[in-house]
Amino acid sequence: MGFFDFQKEDTMKKVGIVMGSDSDLPVISKVTDQLKALDIPFEVHVYSAHRTPVQARDFALNARTNGFGVIIAAAGMAAHLAGAIAASTTLPVIGIPCKGAVLDGLDALLSTVQMPSGIPVATVAVDGGTNAALLAAQILAVEDAGLAARLDEKRRADAAKVLEKDAAIMERL
Ligand code: RP5
């Protein structure tokens, strides 16, 4: 289990992060880097919908009482983890399909996004760890003005970087 709290445990809901295998860690690192940059507490676990279904379900069933506000679930191949978690909680669940050795992640994308009506999973792009973190942040920011301000500031900074690139390209060509 990984944990990162910035002493915010009492005041802020945590992001629960679950990956189907430790081989998904490169994608999860994008999530944790972005959450750290926004000062958002999180907890990371390796639970599999297929290999450790009891632990995955227990995590989802207890997530709300354990202080989580949103869950990010990442898995590759027959990627049922986000859906299995969503089946056992009404917290918002964000699914990240991970690229595998074959099919370039299309298998995981369809397994994650094609949920039956009634059990939603907000699915980001294949290997889309950064957007998963930002979407989780935006969900928590509905009730957190400070976090909303940090997200606005990031948008401004990102836009400024693009405008710098625009100026540089105009200079060069
Ligand atoms: C999925 O199978 C995992 O999320 C991972 O993306 C993929 C391969 O897992 P390992 O065989 O590397 O453990 O369940």
Side-chain angles (χ1 to χ4, degrees), residues 1-6 8-9 12-141 151 154:
M1 179 189 92
F3 186 73
F4 184 84
D5 75 356
F6 287 104
K8 288 177 187 295
E9 212 177 343
M12 224 179 147
K13 296 277 187 205
K14 294 178 287 184
V15 177
I17 305 172
V18 185
M19 61 189 123
S21 167
D22 60 355
S23 64
D24 300 320
L25 198 52
V27 177
I28 292 302
S29 296
K30 295 194 232 174
V31 178
T32 55
D33 286 352
Q34 187 58 70
L35 293 177
K36 284 180 190 173
L38 289 165
D39 283 3
I40 298 173
F42 60 81
E43 222 181 276
V44 184
H45 295 274
V46 178
Y47 294 139
S48 162
H50 308 115
R51 294 165 174 160
T52 59
V54 173
Q55 288 80 0
R57 182 163 180 269
D58 282 352
F59 175 81
L61 285 173
N62 297 312
R64 190 181 294 275
T65 46
N66 284 337
F68 295 100
V70 54
I71 297 172
I72 295 174
M77 300 173 70
H80 300 132
L81 182 60
I85 298 259
S88 293
T89 181
T90 53
L91 288 176
V93 174
I94 301 168
I96 311 176
C98 296
K99 203 177 270 193
V102 293
L103 301 180
D104 252 359
L106 185 60
D107 45 359
L109 174 62
L110 295 178
S111 304
T112 305
V113 77
Q114 289 286 41
M115 287 297 294
S117 179
I119 310 292
V121 168
T123 304
V124 296
V126 172
D127 288 352
T130 300
N131 268 2
L134 289 171
L135 183 53
Q138 289 176 205
I139 290 167
L140 296 180
L151 283 165
K154 178 180 162 35

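This is a predicted model, so every value here is computed, not measured. Each ligand, and each atom within it, is numbered from 1 in the order the structure gives.
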Can I get a per-line list of side-chain donor-acceptor pairs under 3.5 Å for residues 88-108, giving both atom names and the distance, sequence neighbours left out?
{"residue": "T89", "atom": "OG1", "partner": "L91", "partner atom": "N", "Å": "3.0"}
{"residue": "T90", "atom": "OG1", "partner": "R64", "partner atom": "NH2", "Å": "3.0"}

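Within the structure, the side chain to side chain donor-acceptor pair (under 3.5 Å) test picks out no pair touching residues 109-136 (sequence neighbours left out).
Y47 and F59 have tilted rings, their planes meeting at an angle from 30° to 60° on a 0 to 90° scale.
In this structure, the side chains of V70 and K13 stay at 4.5 Å or more apart for every pair of heavy atoms.
Every residue two or more places apart in sequence or in another chain that forms a side-chain contact (heavy atoms from CB on, under 4.5 Å) with N66 is listed here: N62, F68.
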**Item:** Worked verdict on H50 versus M77 for side-chain contact (heavy atoms from CB on, under 4.5 Å)
**Value:** CA-CA 12 Å; H50 308 115; M77 300 173 70; over 6 Å; no

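Listed by chain and number, G20, S21, S23, D24, R51, A75, G76, M77 each place a non-hydrogen atom less than 4.0 angstrom from ligand 1.
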